[in-house]
Amino acid sequence: MNLDTLNPAQREAVEKTEGPVLILAGAGSGKTRVLTTRIGHLIEDKGVQPANILAITFTNKAANEMRERVEETLESDASDMWISTFHSCCVRILRKDINRIGYNRSFVIYDSADQVTLVKDCLKELNLNDKVFEPKMIISTISGAKDKLYDPKQFKAMHMNDNRMSKIADVYALYQDRLKRNSALDFDDLIFKTVELLKSDKEVLDYYRNRFKYIMVDEYQDTSKAQYELIKILAREHQNICVVGDDDQSIYGWRGADIRNILEFEKDYDDVHVVKLEQNYRSTQIILDAANTVISNNIERKRKRLWSEKKDGELIKIQVAQDEIEESDFVADMIAKISREQNRSYKDFAVLYRANAQSRSVEDALNRSQIPYNIYGGTKFYERKEIKDLIAYLRVIQNPQDDISIKRIINVPRRGIGLRTIEKIEDRANLKQESIYSVLIDIETNSDISTKARNSISEFVDNVIGTLRTMREVYPVSKLIEKVIESIDYYGYIDELYKGNKEEAEERKDNVKEFISVAMEFEQISEEKDLETFLTGVALTSESSEEEEIDKVSLMTIHTSKGLEFPVVFIVGMEDGLFPIARAVRSMNDSEIEEERRLCYVGITRAKEILYLTLTQKRTLYGKTNPSIASRFMEELPKECIERLNSAEKELSYSKASYNVLDKYKQKYMNTINKTAVAKQVNATIKDKEKETNIDDIKPGARVHHPKFGVGTVVGMMGTDVTIAFEQQGIKKINKEYTTLDVL
DNA sequence: TCGGCACAAATTTTT
DNA sequence: TTTGTGCCGA
C-alpha cells in the first residue's frame, strides 16, 4: 500500500495499527482517506484478514462511501469485512443470537412514529394523562435511559423518590414489555440489547472478540454511552481500537451523544496514541482562521488549530438585511451574480440555517429569481403515510404479533372497524396476554362485538392478511407489495383520501411506485432477498435512493451539512435567539452555548472558498415580528477576516450591548431566585381588555394581578414565560401570550 | 365515523 | 405563519 501521498500526521495514523489510537481529525483533514488507507494497510501490508476488521460509522452514506473506497484501493475481496453503521452491525449480531436473551430472532424494528403509538398505548393502560406525560418527552427520557444503559429496573431505582420520574419508569417498564411481546426493538434497543447479549453470553462475546481483531470507529464524538460500552467490550482483550473524531464537531449532544467519550478516551484506555490531523484540504486560511477563533471560545475541548496551504482567499462577507425577505433576496441575488461572473454552477452553492422554518423565505426568493434548488430534510421517504401503511402491511405479513402495525392497518382502507372495536379487541388481548392478531383469528367467539365488525375483521384476517401471508413464500418482495396494493385497492384508497387534491394524490401514488422500485432494486443487489431482510433495510435507512446529482443550490440545516463541503456557503440568520437558539441562550448551562458554537464551527468549515454570513434587523418568525440581535458568534470572528458589505457596524455593537444586558440579568437572577428564572428583554405587549400594558412594566420585582392566581411578584422572565411568585399559590410560570396581567 | 373549528406549539434528527 | 391535535355536532 502506497503511503507516500499522505502527510506525516495522516501517515502516522495509518501506520500505528496496534493498540488504542485516537485520531483527532479536524474538519476537512482527510479522515475518510486515512481510514480507508489504514484498512488497506492492515490487509495488504500487515496481512490482516478482512474478516478480522470492523469499521463502524454513523450513517449509511458514510459506510457505503468507505466500502466503495476500500474496494477501490484493495486488490483482494473485501466482502468479509464488516463496514457498517452501529445499528446495522448490531442487527446482524442480534439476528444471529438474540434468542439467547429471550427475544424472537425475527424481530421487527420500530421507528419513532411506532414508538409514539406504543407509548400512548402504555400511558392509556397505566391511566396516565398524555398531556402531563407527553409521549415525545417520555420517549426521549426512555431513549436517554437506554443510551446510558439503564434498564427499567435500574431506572426506577434511581428515581424512587421522584414521583413523576418514577411514573415514567413504570411507562418504560411497560413499554419494554410490550416491545418484547410484539417481537419488536426500537433503535436504542439495537445497541442496548447487543451490549446485553455480549455481557451475558460469554460464548457470543468470545466469538466476536475473536473475530474483530481490529476495530475502527468513525465520528467517535457522536457515540453514546451504550455505543461506547459496546466498543469497549469488544476491544477489551486486544485493545486494537482506533477511534476517529472531532470534538469540535460534536453537535448531537441532545440526541444522547456524549462528548466525554472522545475527551476522555485517553483516560479510558492505556497508552493511547494520539494523532492530530490539522491540515485542512478544503478551505482557505481565512475561513479556517475564523473557524479556529470562534471555536477557541469553548472551554471543553481538545486544542487543535486547522491550517491550510490555500493562503489566499476572500474575506468572509457579512450582510445585514432589513428582514428575512431582504436577506433571502440578497442570497438569491448573490448566487445569481457569482454564478454568472465566476462561471460557477448552482451545485457549488449552499444555504445553511439553524432551523428548518428559515428555509421558507429563502425558497421564495430563489423561486422569484428562478434559481433551482434542492431542499434537504423534511419528511423522510419511509415516514410518509402511504409508505408507512404499506410497510405496516409487510410487517404484519412477516410478523403478525406486531400489534402496532396491525392497529395501523386494520382500518386502512376503511373497513368499518372503528376505535371502539379496536379498543375491545385490545382489552381482550391484554387480558389473555396474547397478541391482537390471535384475538382477531378467534373473533367469532367474541360476542360483545357487532356482527358487522366481526365480518369485516374475518374478511381482513382471512382474505387479506391470510392470503398475503401465503404469498410471502412464493413472491419476491416487490411483487408482494403489488399484491398488497391490489388486494386493498390502495390506489383507489389514495384517490379517495385526496379527492380534493389531484396533484397530491398523484404524488402519493408516485411515492408508492418509488417504493416498489426500491424493492426491485433490493432484489437485484441484496444477497438475502427475503422480506425480513428487506424490512430491516427499510428500517435502518432514511432515504430511498441516492440524492439527485442535478445542478441545484442546496438548502439545509447546519446539522445536515456536517460532512459536506461547498465552494460558496451562505449561513443565514446569524442572530442571537436563533443562532445560538433561544433555548441555549436562556440556559443556565454553558454547555448548550458551546454546542451551538460547535454548530457554528461546523457551518463555517463547510465553505471552501467563499463564505457569507447574513442577519436581519427584524425577523418574523411564527407570525411574530421581533427586532433581531446579532449573534454573539459574529463578535467572535476575527476582525481581519471579515468584510462588512453594508452598514453593519451599528447593528453589531448594538447586539453586544443587548446580550450583555441579558447575561447580566441572567447572573443577577440566578443568584436571587435559585436558578429558576432568567430575565429576557421582550418588546412585545400584553393585551388587556381595556388598555395595553407595556411589557416593560412587567419586569422582575413588579407587582401584578392574575385573574386566577391573584396577586404576586414577578421573579423572572423567560421568552414568553413570566415566572411569578403568587402570595397564595406559590411560584408559577405564566405564558404572557395567553394571559392578561394587570400591573399594580 | 368524519369533517370542521378552536386552540396550542413551533430546534437540530446520522439510525 | 404553519402545523398538529382535540373536541363537538351532524
Side-chain angles (χ1 to χ4, degrees), chain A residues 56-64 84-91 109-112 115-116 120 130-131 134-136 139-140 143 147 185-191 218-219 221-224 226-227 249-257 324 352-361 364 376-380 382-383 411 414-422 453 496-497 500 536-543 556-564 573 577-587 592 595-596 598-600 602-603 619-625 719-721 735 737-738:
Chain A
I56 299 265
T57 62
F58 272 81
T59 65
N60 293 304
K61 204 177 148 204
N64 293 337
S84 72
T85 63
F86 265 108
H87 295 266
S88 55
C89 163
C90 288
V91 169
I109 300 164
Y110 277 178
D111 67 16
S112 45
Q115 287 184 287
V116 172
K120 279 186 183 164
D130 64 1
K131 291 219 182 63
E134 285 171 81
K136 287 263 167 62
I139 288 167
S140 72
S143 176
D147 278 340
L185 302 189
D186 64 20
F187 282 129
D188 302 310
D189 278 343
L190 296 177
I191 316 290
D218 194 9
E219 306 280 15
Q221 77 281 355
D222 290 339
T223 47
S224 66
Q227 290 161 338
Q249 291 188 73
S250 164
I251 55 174
Y252 286 105
W254 49 276
R255 250 180 120 268
E324 71 279 354
L352 309 181
Y353 34 80
R354 176 63 243 258
N356 285 120
Q358 291 169 258
S359 72
R360 181 64 185 270
S361 57
D364 289 346
Y376 294 80
T379 327
K380 305 257 169 48
Y382 295 116
E383 284 169 11
N411 206 29
R414 302 223 164 80
R415 303 187 170 87
I417 305 172
L419 283 165
R420 294 295 299 278
T421 313
I422 296 172
E496 180 65 22
L497 207 60
T536 303
V538 164
L540 296 182
T541 324
S542 55
E543 281 315 308
M556 65 186 87
T557 63
I558 306 174
H559 280 93
T560 7
S561 76
K562 196 174 117 189
L564 305 176
L578 189 60
F579 190 26
I581 202 97
R583 182 170 168 158
V585 174
R586 275 188 246 125
S587 167
E592 290 194 39
E595 182 148 319
E596 294 288 306
R598 291 193 290 271
L599 193 58
C600 184
V602 168
R619 177 174 297 271
T620 307
L621 203 62
Y622 307 133
K624 279 221 153 51
T625 306
T720 56
D721 287 334
N735 192 320
E737 312 279 352
Y738 307 109

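Quick note: numbers below take in every heavy atom, side chains included, and nothing from hydrogens, waters or symmetry partners. Naming convention: chains lettered A, B, ... in sequence-line order (proteins, then strands); numbering from 1 in each chain.
At a threshold of 4.0 angstrom between heavy atoms, the contacts of Asn60(A) are confined to the sugar-phosphate backbone, with no base atom among them. Base contact: Ile581(A) has a heavy atom under 4.0 Å from a base atom. Among the heavy atoms of the strands lying under 4.0 Å from Ile417(A) are primed sugar atoms or P, OP1, OP2 only; no base atom is included. Using a 4.0 Å heavy-atom criterion, one finds that Glu596(A) contacts the bases of the nucleic acid, with or without backbone contacts as well. Contacts of Tyr252(A) with the nucleic acid, taken as non-hydrogen atoms under 4.0 Å apart, include base atoms.
The shortest distance between the side-chain N/O atoms of Thr557(A) and the OP1/OP2 oxygens of dT13(B) is below 4.0 Å. At the phosphate of dA10(B), neither OP1 nor OP2 sits under 4.0 Å from any side-chain N or O atom of Asn356(A). Close to dT2(C), at under 4.0 Å from its OP1 or OP2, lies a side-chain N or O of Arg360(A). Contact check, Thr560(A) against dT13(B): a side-chain N or O comes under 4.0 Å of OP1 or OP2.
Atoms CD and CG, on Gln358(A) and Leu621(A) in that order, are 7.0 Å from each other to the nearest 0.5 Å. Put simply, CG on Asp188(A) and OH on Tyr110(A) are 15.0 Å apart, with the number rounded to the nearest 0.5 Å. In this structure, NZ in Lys562(A) is found 3.5 Å from CG in Asp222(A), a value given to the nearest 0.5 Å.
Side-chain contact between Ile558(A) and Ile251(A): absent, with no pair of heavy atoms (C-beta onward) separated by less than 4.5 Å.
Judged by closest nucleotide on DNA chain B, Gly623(A) is the one of Gly623(A) and Phe58(A) placed further toward the 5' end. Where Phe187(A) and Glu134(A) each meet DNA chain B at their nearest nucleotide, the meeting point lying more 5' is that of Glu134(A).
If you take CD1 of Ile139(A) and P of dT15(B), they are 19 Å apart, rounded to a whole angstrom.
For the pair Arg354(A) and Glu596(A), the salt-bridge criterion is met [side-chain N within less than 4.0 Å of a carboxylate O].
A stacking contact links Trp254(A) to dT12(B): the aromatic ring centre lies within less than 5.5 Å of the base's six-membered ring centre, and the planes differ by less than 30°. Stacking is found between Tyr622(A) and the pyrimidine-like six-membered ring of the dA10(B) base under the 5.5 Å centre-distance and 30° plane-angle cut-offs.
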